[in-house]
Every structure is written in C-alpha cells, then in structure tokens.
2 protein chains.
Amino acid sequence: MTGRAKRVTIRTVAEDADVSVAAVSKVLRNSYGVSERMREKVQASMQKLGYRPHSAARGLRGKTFTIGLLQNDLRNPYLPTIFDGIFKGLEGSGFQPLLGVGQSTEPLETALINAMIDRQMDGLIMVAPRLPGEKIEQFAREVPTCIIAHHHPDEDAFDTVNFDDKLGARVAVRHLIEQGCHNIVMLSQALPEPGVSNVIQQRELGFIEAMGGLNKRPSDAIVHGFFDAASTETLIRELLLKPDRPDGLFCWSDMVATQVFVAAAEIGLRIPEDIAVVGYDNTYDDQLRPFGLSSLNQPGYKLGVAAAQLLLSRIEGRSEAEHKVFSPELIVRGSSLRSDDT
Amino acid sequence: MTGRAKRVTIRTVAEDADVSVAAVSKVLRNSYGVSERMREKVQASMQKLGYRPHSAARGLRGKTFTIGLLQNDLRNPYLPTIFDGIFKGLEGSGFQPLLGVGQSTEPLETALINAMIDRQMDGLIMVAPRLPGEKIEQFAREVPTCIIAHHHPDEDAFDTVNFDDKLGARVAVRHLIEQGCHNIVMLSQALPEPGVSNVIQQRELGFIEAMGGLNKRPSDAIVHGFFDAASTETLIRELLLKPDRPDGLFCWSDMVATQVFVAAAEIGLRIPEDIAVVGYDNTYDDQLRPFGLSSLNQPGYKLGVAAAQLLLSRIEGRSEAEHKVFSPELIVRGSSLRSDDT
DNA sequence: TATAGTTTGTAGAACGTTATACAAAAACAA
DNA sequence: TTGTTTTTGTATAACGTTCTACAAACTATA
C-alpha cells in the first residue's frame, strides 16, 4: 500500500527550482558563483521537498561528513566522558560521528578501521587503540586521524591528545609514601601487545621512576591483572593474602580499585588502615562515594573536545602534527588518607 | 614523500587479472555465470593487490553492508551486554555494525537515523529509542528495522525483541510482599515522552497491576527520578527520610538501586531490615557483590543475538513482523531477603 | 563603441560499484 | 551437419553527487 517513495535527489530539486543540477550542487556547498536570487529559489525547493544529500553518493566524489570513532571497551565507564567531549566538539560542524567497537584485538581493530576507510569517512578518532604505531601511521596517511590516550609524541602523521600518565603515577606514589606506605604495589593490567605508547605502560613507567628510591625490584612491585574481571579478582585475593602483602596499592583504573574494595572487605582488611588505595580516572564519583576512593582526576571531556577540534582543523588542511598533553590531578579521599598521628 | 597511494579498485583488479570489470564484480558478489578458472584468477588478483570493495560506491547501487545501531545512553552498564549479543549475531554475516549515539532527545535521534539512512545503511537496530511508534514506523518503511526494549506488539513494519517488563515488575512486587513489606514504593524514572511502548512504563504498569490488592493509590506508590544522578539522589534522600518511608523499594534499574544503597548507608537505614530493595537488570554482578542486590536478570546478550538474527532475515526479504518476548528471572540476594522468623 | 573584465549559470566527466542486456563460445540434440 | 540450449564473458547504463571547463550575460574601462 505505502509504496516506498522515490528518494528526493539533487535532480528533483533542480527540476523543481528550474535550474541546473550544477547550480543546486553549488548552493549546497555554498561555493562561489550563485546569485542571491538563485540561492533563495533553490533553498526554498530543498525545504519544500525535504531534500537531504545522499552521503553514500557524496562519498564517491568528496566528503561523506562522517567521523569514525574507534572504541575498544564499551564497559569502561571512563570512556563516555571522552565521547561527550567529542560530540560537543563536533557539534555544529556538520560532521556525524559514528562509533565502531574494536573488541580489543588487533585484527578486529584493523578490520574496523578499514571498514571506516572503505566507507570513505572524513576523519578518525581512535580512543586507546590496540594497534601499534606504524599501523596507525599507515592508516593516518589515508585519512586525517587523531589518537586519544596513546602516547606518540614524535609522530607526525597524526595528532594525539593525552593526559600525562607518567606524572599521574608519580604523584600517586609520592602520595602513598607520604601516607607512610612502605610496601607499595601497582595493580596494572597485562597488555595484549606491550608498547610504550600505551597508557597503562606509561603509568608503569611513571611508577617505576617514582619507586626508584625504594629497595624493591620494580618487577615485584607491579602485578598484572587480566582483561576479564573474574581472573583479576583471584589475582587480587592472592595478593592481599600474601604474608608480605602491600600496604599501599596503586591501581591502574578505578574499575580494579573497586574490585580491591570488594576483596578487602571479604578478607577483612581495612582501607586505608591496612592498605591505602589510589585509583585512576576518578570515575564512580557519585555511585561509590561511600568507598571514598582516592583517584587521579583526568576529565575525559577535555580530551574529547581537544581531539574533535584537532581533527576538524586537520580535515581543513593542517598537516603538521600537534600533540596535546594535559595534567591529571590527584583527588585525595578516604581510601588513602591516614590520620598523621601514628 | 610517501605519496597517498591510489586506491585499488575493481578496475585495477580487472586489468591485473585480464578480465572485464563486470567479471570481477560477478566474482565479488558470487553471482551466476563465472567459471572456476576465472573465479580463481580474479580472486588471486584481489588477494595480490589487497583489494577491498569501496562501500560508499557500493551504496550508490546496492548494499553498503553496514548496520546502524542506535543507542541513547553510553553510561548504562546494561547496554554493552546487548551489544555483545548483536556483534555476535552479526559475526560472519559480512555486515559491519556502526553505532550512533542519540543522546536521549527526539530531534537528535531523528537526525541520527536520517544520517544513517542517508549513508545508505542496510538495516537498523534501535535500542530503547525515544522516538514515538509512528516515527519509527515511518523509518522502518525506508529500511529494515528491529527495535530492542520498546514494546510494539502490534506493529508490522518492524520487528521487536523484549523481555517481559510487566512480568518482571509483578514478580518483584510479589517477592517483596512475601518478605513482609507493607509499604512498597517503586522508584521509577520520569520519561521525556511517556508511552506504553517504553520499558519503564511497562514496569510501572506491571507494578500497578501487582499492587492492585494493596490499599494505596498507585500514584503515591510510584516516585519518578530524573535523568541526572544528582537530582535523583536528592529525591531518594527525601523518600527515605519521610515519616512513612517505604519498607520495600522496587527500583527500575540497578543504577538507581546503588544510589539507594549509598543514601541508606549515609542516613543509617539498614538493608534489608529497614528497607528491602529489588533492582532491575542484574548488572554489577561482580563489582557490587557485597551489596548483594536482588535484581531481575534479563540477559541483554539474548536480546542482541535475537535482534541481529531478525534483522538479517528481514534484510534477506522477510516482510511479516516478528515480536520476540523473553521472560526475566528474579535473582534473590541479601538486599531483599529477610529471615522468615520474625 | 569596442574591449576587457567579472559575474552567473550550465554541460558533462568522473567517482567505484551493480546489474541488465547481449555476444561469443561450447555443449548437446536432431 | 544444422539448429538449439547452455555456459561464460563483456559492454555499458545507471546510482547521486562534485567540480572543472566553459558559455552567456552583465559591468567597467578605454
């Protein structure tokens, strides 16, 4: 009954406004050489017919006005703040962001980025990609690219936006030392493929630097969790039950920090008296307030806005790379604050 | 230095394999009329040159092999389970899922869906859309569509996949009554635009049904929270501090339920002794175990897989609508379990 | 009034596919 | 052999845009 209506194309508009197809296209892209009278006539027709440009067709020639966003972990509560920033930064630019989920493996990530390039997207923002630098560089040569949360300070094929992860780790360690911790351990995460560009690796490096003064082999002071929560939990339990269990724990993310809370409670260890805990990302601001988790605040929103702006300017033609680095800030709460009178 | 390499097209392949463009296209779509010898020759060339079809170009004629996913709330921890299911269900189909974020307002959602249609996507899966039924129906006539978590049992323009939300609410209320609660309140959420298709509304309806026997006006028994966490928190506090505060709370989602935990702890109310709490979605399985939140389990994974399959079959040509409804299951934990010996 | 701009509009090739219509070759039947 | 099918491969018109070249109509200048 309701016959699939024929799409309104640039041609339909041209006929309706009684001008050439080329004219309509010009109006659309507001390029040089259209009289006021014509512009109005054409715009009226577009309005009337409800014309919307067909981006697949556009893609064949020029832009698709689409930005590809690469994300790996839908569950990480830190990431939405980044996306909020990206959306904000893209608002009003006419570019439509679309998100692809890489599921944390290199082949899937590669396939996804290829898919985006095949769909002729105009720019890419990757959040914490798993891909090695050379691969990203290769892609970046095909399409304007901006990377969030992956350190490539010397790269010139693409832009990066980061918080200073080394600094964050150093600040955390210093704080734990000030609180009287002697046996500080970092709860990190095993990387599928290690590389200094990785945010976690950077935090490890900062941790090692800051621990330089302590008499402990760094390798012993870093424990690597896993990607799935269950195995990480076992690991945490083991760590907390060891005879020489740590009295200070620096967690690579708030997510694992909450797991520590759970495990500690079940084992009967007090936080911060028995173990002081510092997390990372300052998520869970509302939801887990009673835990009072100390954490490094690094508003993802900032990253997102900056990335969007960089990408837009690159699409506009900029070709020298820019690398933005923001500084995280330690928010001290109950989980690491011991009364100074011991 | 590294000149942007020219893209390998179907034409390049044709030349390399020394056949016609049409032939390559046929191989690509494995359509009728290709000899074994030719198929091999062409595939070898494609392999050698690393050919990848250009979907923007494809879109101009036929399919783009892209599925649009509509999501509204990146922060809801329940949704990733749905997406896992969708990804799984789409795996190996050759369709690439891409996610758009609607940000919970109707105009943005409409714009987003239009953007997807303009990009010539082959199918749409919308998760808990804000759009009214007629609008969805309109879109569904342009492109195969499947809706998750929105009840439209009589619709025939698109498919739906849901858990039975009324049932879940009824089960929750019955359980609370069995646990001796007399003053049961539902903590719901204000809807931007109400409609029975909405999941939350359905839960309210189920709640009212089950409360039928109790001597309280339903309108008093349902409290509506807000979209932002902060205002909802204030509301919860007020509710818990009222002289006739509830002794049983049915929360529309685990997210608000955790807020209740926080507020109760700060006010000094015990769960479940003072208030029994039942949540919805059974998220936070790992992370909040110590809270022991009773909740309605409704694995999103199932929804996702089913939706993907329905969509694929619709793309294949099915035209009669299908409406799948699964049953949620109450998982009883400490937050609502009172020892029976009073 | 010529001549040289400048402004306004149009034709039409191109982008990388798909798919229809058809020609050529091979296989079969009489 | 001759005709009839069937198989295999090709030429080419779309699809909806963009954009370069160019023609036509004005304006300004000499």
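Order of the sequence lines sets the chain letters (A, B, ...), proteins ahead of strands, with each chain counted from 1. Atoms considered below: every heavy atom in the structure, side chains included; atoms not considered: hydrogens, waters and symmetry mates.
Side-chain N/O atoms of B:R29 include one lying less than 4.0 angstrom from OP1 or OP2 on C:dA19. The side chain of A:S20 contributes no N or O atom lying less than 4.0 Å from OP1 or OP2 of C:dG9.
Contact footprint of chain B on DNA chain D: nucleotides with an atom under 4.0 Å from a non-hydrogen protein atom, first to last in 5' to 3' order, D:dT7 to D:dG16.
Using a 4.0 Å heavy-atom distance criterion, A:T9 is classed as a sugar-phosphate-only contact. B:R52 comes within 4.0 angstrom of the backbone, heavy atoms only, and of no base.
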Pick out the pairs of N or O atoms, protein on one side and nucleotides 5-8 of chain C on the other, that lie under 3.5 Å.
from  : atom 1 : to    : atom 2 : distance (Å)
C:dT7 : OP2    : A:Y32 : OH     : 3.0

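Here the P atom of nucleotide C:dT18 and the CD atom of B:Q120 are 13 Å apart, to the nearest Å. To the nearest angstrom, C1' of C:dG16 lies 15 Å from CG of B:L49. At whole-Å resolution of the value, CZ in B:R61 and P in C:dT17 are 13 Å apart. Summarising the geometry, the separation between CZ on A:R39 and P on C:dG9 is reported as 11 Å, rounded to the nearest angstrom. Atom CG in A:L60 sits about 7 Å away from atom P in C:dG16, given to the nearest Å. In this structure, B:I10 atom CD1 and C:dT17 atom C1' are separated by 6 Å, rounded to whole Å.
A pairwise comparison of heavy atoms in B:L49 and B:V8 identifies O-CG2, 3.5 Å as the closest pair. Nearest heavy-atom pair, B:V143 versus B:T145, reported as atom, atom and distance to 0.1 Å: O-OG1, 2.7 Å. Considering all non-hydrogen atoms of both residues, A:N114 and A:F139 come closest at OD1-CE2, 3.4 Å.
Residue pairs meeting the side chain to side chain donor-acceptor pair (under 3.5 Å) criterion with at least one member in residues 125-140 of chain B, sequence neighbours excluded, are B:S104-B:R130, B:E137-B:R141.
Partners of A:F65 by ring pair (Phe, Tyr, Trp, His ring centres under 6.0 Å), not counting sequence neighbours, listed by chain and number: A:F95.
For the side-chain hydrogen bond (donor to acceptor under 3.5 Å, both in side chains) criterion with A:D159, the lone passing option out of A:H152, A:H323, A:K324, A:R318 is A:R318.
A salt bridge links B:D118 to A:R52: one of the charged nitrogens lies within less than 4.0 Å of a carboxylate oxygen.
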Dot-bracket line, read 5' to 3' along DNA chain C, where crossing pairs take [ ] and | marks a partner on another strand, Watson-Crick or G-U under 3.5 Å: ||||||||||||||||||||||||||||||
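Between the side chains of B:T66 and B:R119, not a single donor N or O lies within less than 3.5 Å of an accepting N or O.
The aromatic rings of B:F326 and B:F163 lie tilted to each other, with the angle between the two planes from 30° to 60°.
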Are A:D84 and B:R75 close enough, and set up right, to give a salt bridge (Lys or Arg N to Asp or Glu O under 4.0 Å), and what steps lead you there? CA-CA 11 Å; A:D84 283 346; B:R75 286 176 171 77; 2.7 Å; yes
Indicate every side-chain donor-acceptor pair of residues 32-45 of chain B with a distance under 3.5 Å to a residue at least two apart or in another chain.
from  : atom 1 : to    : atom 2 : distance (Å)
B:S35 : OG     : B:M38 : N      : 3.3
B:S45 : OG     : B:D16 : OD2    : 2.5

